[in-house]
Visitor: 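Sharing a structure here in structure tokens format.
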2 protein chains.
Amino acid sequence: MSDMPATWTQDNQIAMLCYPRMTILDLIGPQYMFASLMGATVHLVAKTRDPITSDTGVTIVPTATFDEVPRDLTVLFAPGGTDGTLAAMRDDVTRNWVADRGSRAQYVTSVCTGSLILSAAGLLRGYNATCHWAGLSALSEFGATPVDARIVKDRNRITGAGVTAGLDFGLQMLAELRDRTYAEGVQLMCEYDPHPPFNAGSVHTAPIHVRAMIQAMVAPFPGMVRDVAREIGVSAG
Amino acid sequence: MSDMPATWTQDNQIAMLCYPRMTILDLIGPQYMFASLMGATVHLVAKTRDPITSDTGVTIVPTATFDEVPRDLTVLFAPGGTDGTLAAMRDDVTRNWVADRGSRAQYVTSVCTGSLILSAAGLLRGYNATCHWAGLSALSEFGATPVDARIVKDRNRITGAGVTAGLDFGLQMLAELRDRTYAEGVQLMCEYDPHPPFNAGSVHTAPIHVRAMIQAMVAPFPGMVRDVAREIGVSAG
């Protein structure tokens, strides 16, 4: 529209890491928000342009390889997952690319266990950060301070909690990169007026039998992260 | 886990329609939920298996063509969009497939303007339904009764409001297809404990200047839907 502020259009370069068995909702919530940024380019970046299948069976096609993405980014973003995330943390090429782009990016960001990938690349040492609740304690393996919150901002590191936190995170990023009115406009466009039919979305609110069931499922995860930390030689010590 | 109820595993066949320039967050929110159903098969269905690019530039690969999907479905689902959705409504092959599968599906469902595709296929005539707020009034072009709500259930038709309503819709579907405990477990797993940083997600709560700006952008949409309704000869009359 002709009466929009000139500052609403900016040549942002946003790189969203993609890897096999990532949780695609971690990626797509924020991608909706980033894609709304006038003037921005949103790269879906992977080692190659081969299609990538998520942990829920959705196959997407990356738009750029690691080498093709600009060296200087406005935003570096990492989505989470479970075994696919551990594999990405173990992968030298992925870790080195994240460390390199993250060293210069204006914002270094993640949703869910994506913060463990940032950590494995050494980007969260000495920072407050959050993660999916099932992996939160494991951040300390890499010298980060775990914070139980929906979104944690520490200097230019902005991390979101599990999966659906990507919506809250994405709107927060729009306010960072533009302003509150811009973010509110996009919120109205995607009708983000949540009405969860149940109140089980946090370990603090879920019924005890639900929490016990899911906690048992994810209990091995922090130990698996610790193993990766030792293997790659990045630790808090 | 060994102590899960036997009824939690069921051979559900879930078909999620995919088409060019759909809004991929409409698809991926519910897909996360459906993919959690033990025993279920979630098909990402399109006219061909060629990659499809969404309105935010995400390219996905369908898992099945219209002909490959089972004739009898547990759930038929349609995501929304804007011009891509109008094109899907105009497309005879898409409309006929939706009408055919919808005539036998146990649940006929949508998020966002996906309900306009169901309508164009004749599946919402005489039903209460919802839609993205920008397209809600247009449901009446097809003999449906628009309801301003996050999720609307009328017999076996379950429709969700715009984009992010897919999360609320998806959890509701898990309770329909399994039970409340199952849905709550998945809610905890995806940490759906929303904390929108702003309160602009509904036309009833957005600041007036934000609402005016976005309403001006989407104002032409109902008229475009009316044109499609006339063109394809499906109308309320």
Side-chain angles (χ1 to χ4, degrees), chain A residues 1 4 23-25 28-29 31-32 35-36 42 44 51 56-61 63 112 132-134 150-151 161-165 167-168 171-172 175 180-181 183-185 187-198 200-207 209-211 213-214 216-218, chain B residues 1 4 23-25 28-29 31-32 35-36 42 44 51 56-61 63 112 132-134 150-151 161-165 167-168 171-172 175 180-181 183-185 187-198 200-207 209-211 213-214 216-218:
Chain A
M1 306 208 316
M4 285 183 181
T23 298
I24 195 159
L25 182 51
I28 296 298
Q31 198 273 343
Y32 180 95
S36 79
V42 181
L44 303 175
T56 61
V58 177
T59 298
I60 72 162
V61 184
T63 63
C112 199
H132 189 290
W133 60 265
R150 193 75 173 161
I151 303 168
V163 193
T164 57
L167 300 174
D168 304 316
L171 287 173
Q172 188 63 54
R180 178 176 177 143
T181 297
E184 288 175 327
Q187 184 179 4
L188 180 55
M189 194 64 100
C190 69
E191 209 164 347
Y192 188 41
D193 176 34
H195 285 69
F198 314 110
S202 145
V203 289
H204 308 296
T205 62
H209 65 288
V210 170
R211 193 178 69 199
M213 174 178 69
I214 302 297
M217 282 183 192
V218 302
Chain B
M1 304 206 316
M4 284 183 180
T23 298
I24 196 159
L25 183 51
I28 296 298
Q31 198 272 345
Y32 181 96
S36 79
V42 181
L44 302 176
T56 61
V58 177
T59 299
I60 70 162
V61 184
T63 63
C112 198
H132 189 289
W133 59 266
R150 194 75 175 160
I151 303 168
V163 193
T164 57
L167 299 175
D168 304 316
L171 286 173
Q172 189 63 53
R180 177 174 178 146
T181 298
E184 288 176 327
Q187 184 178 3
L188 181 55
M189 194 64 99
C190 67
E191 210 164 346
Y192 187 42
D193 176 34
H195 285 68
F198 313 109
S202 145
V203 289
H204 308 295
T205 62
H209 65 288
V210 170
R211 194 178 70 199
M213 173 177 70
I214 303 296
M217 282 183 192
V218 303

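Below, all heavy atoms of this structure are taken into account, side chains as well, without hydrogens, waters or symmetry copies. Note on naming: letters A, B, ... go to the chains in the order of the sequence lines (proteins, then strands), and numbering restarts at 1 for each one. Everything quoted here is computed from the prediction, not taken from an experiment.
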Visitor: Is it the case that the side chain of B/T164 and the backbone of A/C190 share a donor-acceptor pair, with hydrogens and angles ignored and the cut-off at 3.5 Å?
Guide: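 It does hold such a pair.
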Visitor: Tell me, do A/V61 and B/I60 make a side-chain contact under 4.5 Å, heavy atoms counted?
Guide: no
Visitor: What part of B/A200 gets closer than 4.5 Å to chain A, counting heavy atoms only: side chain, backbone, both or neither?
Guide: both
Visitor: Go through the atoms of A/V218 and report whether side chain, backbone, both or neither lie under 4.5 Å from a heavy atom of chain B.
Guide: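 When you check distances to chain B, only side chain atoms of A/V218 fall under 4.5 Å.
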Visitor: Do any N or O atoms from the side chain of B/Q187 and from the backbone of A/F198 form a donor-acceptor pair under 3.5 angstrom?
Guide: yes
Visitor: Of the listed residues (A/I28, A/I24, A/V203), which shares the most heavy-atom pairs with chain B below a 4.5 Å separation?
Guide: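 Most pairs with chain B among the choices: A/I28.
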Visitor: With a 4.5 angstrom heavy-atom cut-off, which part of B/L25 approaches chain A: side chain, backbone, both or neither?
Guide: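 Both backbone and side chain.
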Visitor: Any luck finding a side-chain donor-acceptor pair between A/S202 and B/E191 under 3.5 Å?
Guide: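 No, no side-chain donor-acceptor contact under 3.5 Å.
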Visitor: Name the region of B/S36, side chain, backbone, both or neither, that has any atom closer than 4.5 Å to a heavy atom of chain A.
Guide: neither
Visitor: Going by heavy atoms in the side chains, are A/Y32 and B/T23 under 4.5 Å from each other?
Guide: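 In short, these two side chains touch, coming nearer than 4.5 Å.
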Visitor: Need one label for B/H209: side chain, backbone, both or neither, based on atoms under 4.5 Å from any heavy atom in chain A.
Guide: side chain
Visitor: To the nearest 0.5 Å, what is the distance between CD1 (B/I151) and NE2 (A/H195)?
Guide: 9.5 Å
Visitor: Could you go through B/Y192 and A/V163, starting from their C-alpha distance and side-chain angles, then the distance that decides it, and tell me whether this counts as side-chain contact (heavy atoms from CB on, under 4.5 Å)?
Guide: CA-CA 8 Å; B/Y192 187 42; A/V163 193; over 6 Å; no
Visitor: Could you pull out the closest heavy-atom pair between A/L44 and B/V58, with the gap in Å?
Guide: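 Of all heavy-atom pairs spanning A/L44 and B/V58, the closest is CD1-CG2, 4.1 Å.
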Visitor: When rounded to the nearest 0.5 angstrom, what is the spacing between OG1 in A/T181 and CE in B/M213?
Guide: 6.5 Å
Visitor: Can you name the closest pair of heavy atoms from B/T56 and A/A35 and give their distance?
Guide: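 Where B/T56 meets A/A35 most closely, the heavy atoms are CB-CB, 3.6 Å.
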Visitor: For A/D168, enumerate each residue passing the salt bridge (charged side-chain N to carboxylate O under 4.0 Å, His left out) test, keeping only those at least two apart in sequence or located in another chain.
Guide: A/R150
Visitor: Can you tell me which portion of B/A161 sits under 4.5 Å from chain A's heavy atoms? Options are side chain, backbone, both or neither.
Guide: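 Both parts, heavy atoms under 4.5 Å.
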Visitor: By a 4.5 Å heavy-atom criterion (distance strictly below it), what part of B/L171 contacts chain A: side chain, backbone, both, or neither?
Guide: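 Contact with chain A is through both the backbone and side chain of B/L171.
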Visitor: Shorter than 4.5 Å, heavy atoms on both sides: which option in B/C112, B/A175, B/P207 has the most such pairs with chain A?
Guide: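 If we count pairs closer than 4.5 Å to chain A, B/P207 comes out on top.
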Visitor: Main chain of A/M189, side chain of B/H132: is a donor-acceptor contact present, judged purely on distance under 3.5 Å?
Guide: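 Yes; judged by distance alone, with no hydrogens or angles, the pair exists.
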Visitor: A/G162, A/A165, A/A206: which one forms the most heavy-atom pairs within less than 4.5 Å of chain B?
Guide: A/G162
Visitor: Just to verify, what does A/E184 make a salt bridge (charged side-chain N to carboxylate O under 4.0 Å, His left out) with, not counting sequence neighbours?
Guide: A/R180
